[in-house]
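Chain letters run A, B, ... following the sequence lines, proteins first and then strands; every chain starts at 1.
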Number of protein chains: 2
Amino acid sequence: MTSTSVARPDEVRRYNRASLLRLLHVTGPCTRAALATELGLNRSTIKTLVDGLAETGVVEERVPRSSRGAGRPSLLVLPQPQAAVVLAVDVQVEHVAIALVGLGGQILGRNRWNLHGRMREPGEVITHVVESTQLLAADLGVSPVAAGISVPGVARRSDGYVHEAPNLRWTGVALGERLGAGLGIPVTVGNDAEFAALAEHLRGAARDSGDVVFVSADIGVGGGVIAQGTSLRGGGGYVGEIGHMIVRPDGRSCYCGNVGCWETEVGEAALARQLGLAEDSPRGAIVAELRLLDEAGTAPERLAEFAEWLTLGLVSIVNVLGPELVVLGDLFTVLPQPVLDGVAEQVRERSMVSRAVGGVRVEKSALGADVKLLGAAESAFEGVLDTV
Amino acid sequence: MTSTSVARPDEVRRYNRASLLRLLHVTGPCTRAALATELGLNRSTIKTLVDGLAETGVVEERVPRSSRGAGRPSLLVLPQPQAAVVLAVDVQVEHVAIALVGLGGQILGRNRWNLHGRMREPGEVITHVVESTQLLAADLGVSPVAAGISVPGVARRSDGYVHEAPNLRWTGVALGERLGAGLGIPVTVGNDAEFAALAEHLRGAARDSGDVVFVSADIGVGGGVIAQGTSLRGGGGYVGEIGHMIVRPDGRSCYCGNVGCWETEVGEAALARQLGLAEDSPRGAIVAELRLLDEAGTAPERLAEFAEWLTLGLVSIVNVLGPELVVLGDLFTVLPQPVLDGVAEQVRERSMVSRAVGGVRVEKSALGADVKLLGAAESAFEGVLDTV
DNA sequence: CTGTAAATGTTGTGAGCGACAACATATTCC
DNA sequence: GGAATATGTTGTCGCTCACAACATTTACAG
């Protein structure tokens, strides 16, 4: 099957304008001259595009405060946050966060609420997201033109059908359709780790890498992949479930029906177990225990087995996907630094592909608790930037 | 980092012509009308493009033999094999095969020789490829405009640097550079499984799938991935090494320095072991033994453990990458059908992502011994179709 | 303070491209 | 044999960006 997308002459402009807007959106304000060199377009072409965008208020032009270097100073082009606003939703097991994000990536306003009991049911979540969005939008005087929603589960890209979100106890939810109907705007639904990977790639630790794997331990273990600068998706637009890679065939059984999934060795429950806590300990207790270990300097020894399983899974992932960079998120970011350093070094040494690539890096997420939210926003922007 | 490739008005034509040529190359002769509907371009545009190609002899137009349906019959557009010829090289451990492949994918001529002793050294292989190509080209009266070379190892896409090809005992060979200098044409070097995946995607079992994983057991176990219709590559253009995914942490040590690589459980040596043969048995002995087992009907039992490890690795791969289809190549294709059927069923049942995607298929390679050669040719064509 | 060089903004011209409509041609079916 | 259908062909049109020439603004040297 060949992808038979052809180019049209009038698509040239739309495409170039979207490229320009994406550059402004991701890297922030730019001078006209910088846009020209960065995009490789002629000065006159840039002028036409920027003029058009300025006319509709999408960007604003200003004389720069101070200019360095000789020559006439170039006009500064600033994206106007209000010009294009998207809704970002991050559904997690314990709470839902929403945000309205403007062009340029700035969070204009946000809200969140906890989930318990009936509140966790799909219908309830959808209703609350719609209501909360309307309030927030009215409050800010903006109206979003698209939405991205992050879900900890297996979601289909095309229509936002959530096949399974085990920790929410969701199965077969037409989330995209139902939320789209409620909000009246296009909605993209994605796996949380997939969105997190996107956010780290555009605005976080992986800003300079086109081949990245994001791995995080929330309750389950999830992963998102950026390959050659774009999100990697499988058949039907479903994204992989890295946590269900089998690493220990003689290990514990997993809810997915298999035995020895990576998640059973490096997920939240496994970490609690390794720390000598109950498997269902609250997140706070786990973090506190990690802090104590770190201060006592006994972290590396106590977490040796955990680190080994983390290393092992990462080695497999690096060998299969060959990224330049692995970004660790959620619970992994609170692991004591010596443990992380040890894992990073081991992964570099023990993965065959890392040696070829020239040493894969392993780093912590740079965006903190907002990663998934920001990723959802970026996903929504993907479909917006060429229509503005 | 944003990919800042912009569109140029004059690139529109080149791009569309390349799309047209690619369609002809991959799917064979087409009517003008079919080209128009398939590409979504206007009839007049198709005429201009086809006329241009016919003038330079790249395609030929013919009135079709018989036309079905009402209306004026559309002219048939046939790609001319001689119009663009590429060299395909498949370096394996025991032999080297070369072929000259014409536009449309037809093999115009081929040659092969065995490797032993000094013949396996990089310099020798390069010299023989160059000489053999010149003879073959002269013989056929054609001259290749690009080359693709398949290597069982880790190769960098950008410049064809082979970092490591363990079974050839190659390390750090500037294959692309040296072969390019010898042949005087651009050379793309790739991993054998990567090329095989490409070939199966374009002309084999995966013709209708955009998300495919090709897995094969030669001496080692290799894998190639097609995601969203294009080859998946990691950092620096290196492709992953699926065979070095760790599946059995308490297993055997692998030459890569790790323990329990998939390759050590489902590679050629492992298969021989499972069959009760010596680990270094020749390929022929293994195949013969498999045949015997199949006839005796005792294959499933004797190969149960092997099948389990194969299943396990495939489950992991399916969970990580979520393909629609897994294509098995090389030694895996001679496994008795009941074994393959069992593995396919198990993978479908036990991989979480398969259940979401709607049941991943597991099939045998459809292109036989020529897969890697054809993949190398297609890889070479990728850079050629937009210059013809 | 003035002149020069460097960098950028602005304007107009030109060539290339595909869409589209109108007309010409060929085939099938009734 | 005529109508309907499908395709080939031609010319016009609007769109895009490259390019060159000119105008403007700044830094720097003397």
Side-chain angles (χ1 to χ4, degrees), chain A residues 4-21 23-24 29-56 59-78 386-387, chain B residues 4-21 23-24 29-56 59-78 386-387:
Chain A
T4 54
S5 70
V6 289
R8 303 262 159 66
D10 55 319
E11 276 172 21
V12 171
R13 171 166 229 172
R14 259 239 301 272
Y15 182 82
N16 286 344
R17 190 168 62 172
S19 298
L20 194 156
L21 221 46
L23 190 64
L24 283 174
C30 270
T31 63
R32 280 200 191 181
L35 290 172
T37 53
E38 195 69 27
L39 292 173
L41 284 175
N42 197 284
R43 288 204 303 263
S44 55
T45 309
I46 296 292
K47 173 190 156 60
T48 319
L49 291 175
V50 171
D51 280 354
L53 291 170
E55 219 167 78
T56 52
V59 301
E60 200 187 10
E61 289 190 286
R62 260 211 332 244
V63 284
R65 236 178 294 277
S66 68
S67 60
R68 62 201 179 290
R72 175 175 173 176
S74 193
L75 284 172
L76 203 60
V77 183
L78 302 103
D386 54 356
T387 63
Chain B
T4 54
S5 70
V6 290
R8 303 264 159 65
D10 56 319
E11 275 171 22
V12 172
R13 171 166 229 171
R14 258 240 302 271
Y15 182 81
N16 286 343
R17 190 168 63 172
S19 298
L20 194 157
L21 221 46
L23 190 64
L24 284 174
C30 271
T31 63
R32 280 201 192 181
L35 290 173
T37 53
E38 194 69 28
L39 292 174
L41 284 175
N42 197 283
R43 289 204 302 268
S44 55
T45 310
I46 296 293
K47 174 190 155 59
T48 318
L49 291 175
V50 171
D51 279 355
L53 291 170
E55 219 167 78
T56 52
V59 302
E60 199 186 12
E61 289 190 286
R62 260 213 329 245
V63 286
R65 235 179 294 277
S66 67
S67 60
R68 60 201 181 292
R72 175 175 173 177
S74 194
L75 283 173
L76 203 60
V77 182
L78 302 103
D386 54 357
T387 63

Test item: B/L20 and B/V50 side chains (from C-beta on) under 4.5 Å apart, heavy atoms: yes

d(CG, B/L76; C1', D/dG8) in whole Å: 15 Å

Sugar-phosphate only, base, or nothing, as touched by B/S44 at under 4.0 Å among non-hydrogen atoms: base

Below 4.0 Å: OP1/OP2 of D/dA18 and any side-chain N or O of A/T45: yes

Phosphate contact (C/dG18 OP1 or OP2) by B/N16 side-chain N/O below 4.0 Å: yes

Euclidean distance, atom CZ of residue B/R14 to atom P of C/dA15 [Å, nearest integer]: 20 Å

Options D/dT10, C/dT8, C/dG18, nucleotide nearest the side-chain atoms of B/K47: D/dT10

Nearest-angstrom distance from the residue atom CG of A/L49 to P of D/dA18: 10 Å

Pair A/D386 + A/R13, salt bridge at N-O below 4.0 Å: no

Sugar-phosphate, base or nothing in reach of B/R43, heavy atoms under 4.0 Å: base

Pairwise 5' ranking along DNA chain D for B/L75 and A/R13, keeping only the more 5' one: B/L75

Distance in angstrom units between A/I46 CD1 and C/dT11 C1', rounded: 17 Å

Length of the line joining B/E61:CD and D/dT9:C1', which is rounded to integer Å: 13 Å

Distance in Å, A/E61 CD paired with A/T31 OG1, rounded so as to fall on 0.5 Å steps: 11.0 Å

Proximal nucleotide (of C/dA19, D/dG8, C/dG9) relative to the A/R32 side chain: C/dG9

Straight-line distance of B/S19 OG to B/L49 CG, nearest 0.5 Å: 9.5 Å

Protein-nucleotide distance (B/L41, atom CG; D/dT7, atom P), rounded to Å: 15 Å

Side chains of A/N16 and A/L41 in contact at under 4.5 Å (non-hydrogen atoms): yes

Distance in angstrom units between B/N42 CG and D/dG14 C1', rounded: 15 Å

